[in-house]
Amino acid sequence: MTGTTGSQDVSDIYGYPVPDTWAAGQTITADALNRNIRDSQLFLAYSPTTIVTRTANQSIANNTAVNIIYDTEVIDTDNMFTAPSANVTIQRPGIYAIQHTASFAANATDLRATHISVNGVEVAATGGYASTTSVTNQGCSVVLALNAGDVITTNVFQVSGAALNVIAETRLSIRLISTAALNLVFNPVTGGSTGSSPTPPKSKPPTTTTPTKFTAAFGATYSRTYDGGGGTTWDDSSYAYQGKFDSNRGNTRSLIGFNFASIESTLAGATRITGTFTFKVAHAYYNSGLTAVIGSHDYAAKPSTWSSSHVYTNQIKKGSCVAGKTYTVNLTSWQCWAFQQGVITGMAFGPGPSTSKTYYGYMYGAASAPASLHFTYYK
Amino acid sequence: MDGWKYPETWKVGDKLNAETLNGRIRDQNIVLLRRPLLVAHSSVDQSSPINSWHPVTFNVIDTDDDGMVQETTPTTNFYAQRPGIYQVWANVDYRTPGGANTYALALWLNGNSGLILYRQQKRYGGFGSTIDFAHSLEGIVALGVGDFIQLNTWNGSGVDVLTLSALNNCPRICIMWLGPN
C-alpha cells in the first residue's frame, strides 16, 4: 500500500463523505481506501444522532406556546446541542428523522398539545384532552430534509387554566437517515425543502494523522454495602452485597468507587469510547448463580448512607453469575459518556428488582479480586 | 448476525488481499446493508386490567435477526444484543372502550416504570360500542447489551377490563439497530 495514512474521524467529515469514481489504472492507496470506503462506512454506522431530555420540571404558562428547554444530553455525536437549550442545530445537510414526546404534570383540565418546529415553523404536531387520572403524554414525529444551520425546537401548549409543568420523560431525538444535496433550503410554507445544487462537496482532504486507539483500566478504590433502608450495613466488609436474604438487612445494595478524576482526565477529548465492567462473584444464594443488577452512581466519596438520588440503578443485568467466577459486562454508551464527563463516579450493585433470592449474593468489592473498569477510546 | 466491527484504518504497507477486503469492507457492509431487525406481533387478544400497567405480550416473532427474544413466547421483553442506537415503532389497538378515559401506550426500558422513554397518554375513546382506537409511538433509544425494551399499556377506564385487539397484526413492535454510536 502506498500513500499517506490520512483518514477522517466522523465528526471531521465535511458535509458527508463522497466516494470518488475509481479510474482505470488508478493506484490504490491507503488514502483512497480510507476516504472512499472506510469513511463512508463510518458515516453510515455512526450517523449524526442527538437525543436530549428534560429532567427537571419546566413551568409552562397557561394558553401560551412555550419552547421546551432541554437540560440533559443523552447522546450528541455531531455537536448539535449544548445544554441547557431549546435549540438543536443541524450541522450538515440531509434527511433527518425527528421524534418527540412531551410529558405534562397531572391535571385533568382541557387540552394539551406539542409541536416540532424548524426555524420557528411548525412541521409536526399532536394534541388532545388531558389524562383524567395521571400525567399526560403526547408525541409526534417527522422526516424532513434539512440544511446546516436549521434549528429544531419543540414547543408545548396547555390550557389547564394556570401554569403547568412539563416533567421528566420529555425528550427529543434526531438522527440523520440519509445524505442529500448540499444547498437545501427549508421552505416554511410547504414544510419541504429544495436543493439548488445536486452536487455535494468533496470530503475534506485526508489528515496527516490517524486517530490512535488506547485502552485504560481502573481498579475499584472502595466498596460499601447498605441495608434496605440505605444505612451502612453492620457487615461493611470488602464484599458488595445485593438483594434480600432476610428482613434484618432488607434488600441490600452496594457502591463501588473508582478514581473518577483519573478516568475523566484519561477520557478527556477521546472519541468512540467503549467500556466494560468486570466483577467476581463471591457468593450466590443459588448454585445456579445470581442475576447481577448493575448501576452507577455519582458520589464523590464513600457515603455513609445510600440515597437513590445519587444512584442510577438497574442499568445492566447479568444473569447466572455463579460464585467464584469473574464476569464482564459492556458499559452502556451513556455510562461511557457519563464517566468521561464526570457525571458518574462509580458503579453499583442492587437493590434487587424484587426480593427474589435470584438477586441475592455478594461480589468482591475493592479488596481481593477488585472490580474494575476498562475503557477503549481514540485520540 | 455478526457484530459490528470497527473498520481498521488502512495504513501504508497494508496488503490488499481477501482477508483485509473481507475484514474491512465486506463485514461492515453486510451489517450496514441489513441492519438487525426485530418484528413481533400478537395473534391473540389480551386484556389490559383496570388502573394498572400491562406488559404487552407477543406470541408471534416475525423477524429476529439478533436474537433479541431471550424468553419463551409469548414474551414481553426484547433484549439488545449489541450496543448502539435503536429505532422502535409500536402500535396497539384498544377495542371499543366504553367511555372517554385515560389510555396509554409506553415504551419502558428494562421493565422499569421509572424509565419510560416514550409514551402516548391522554383522554381518548368513548366513540360508541363499535369503534376502536389505537395508540402508536416511535422513538430513537440508546441501548447497551442486556438492556431490554418492554411495551406497556395503561387502562384508565376505572370500570372495564380493556381488550387489546389482535387486529391488523397488532399489537406490533418493530425494533431496528441503526448504528453503534
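Letters A, B, ... are given to chains in the order of the sequence lines, protein chains preceding strands, and every chain is numbered from 1. Reckoned from all heavy atoms, side chains included, excluding hydrogens, waters and symmetry mates.
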For A/Asn34 and B/Thr9, what are the C-alpha separation, side-chain angles and deciding distance, and is it a side-chain contact (heavy atoms from CB on, under 4.5 Å)?
-> CA-CA 6 Å; A/Asn34 287 328; B/Thr9 299; 3.6 Å; yes
Side chain of [X], backbone of [Y]: donor and acceptor closer than 3.5 Å?
X	Y	value
A/Arg38	B/Trp10	no
A/Gln99	B/Ile140	yes
A/Arg175	B/Gln87	no

Between [X] and [Y], which heavy-atom pair has the shortest distance, and what is it?
X	Y	answer
A/Tyr46	B/Pro180	CZ-CG, 3.4 Å
A/Ser134	B/Gln121	CB-NE2, 3.6 Å
A/Thr332	B/Gly144	CG2-CA, 4.1 Å
B/Glu138	A/Ser141	OE2-OG, 3.0 Å

In terms of the angle between their ring planes, are B/Tyr6 and A/Tyr378 parallel, tilted or perpendicular, with boundaries placed at 30° and 60°?
-> parallel
With distance as the sole criterion, is a donor-acceptor pair present between the side chains of B/Asn29 and A/Gln41 under 3.5 Å?
-> yes
Do A/Thr101 and B/Arg119 meet the criterion of a side-chain donor-acceptor pair at a distance under 3.5 Å?
->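 Their side chains do not contain a donor-acceptor pair, so the 3.5 Å distance test is not met.
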At a heavy-atom separation under 4.5 Å, does A/Gln335 approach chain B through its side chain, its backbone, both, or neither?
->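 No part of it gets close to chain B.
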Give, as side chain, backbone, both or neither, the part of A/Leu44 having an atom under 4.5 angstrom from any heavy atom of chain B.
-> both
In terms of heavy-atom proximity below 4.5 Å to chain A, should B/Leu32 be classed as side chain, backbone, both, or neither?
->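 B/Leu32 touches chain A through side-chain heavy atoms alone.
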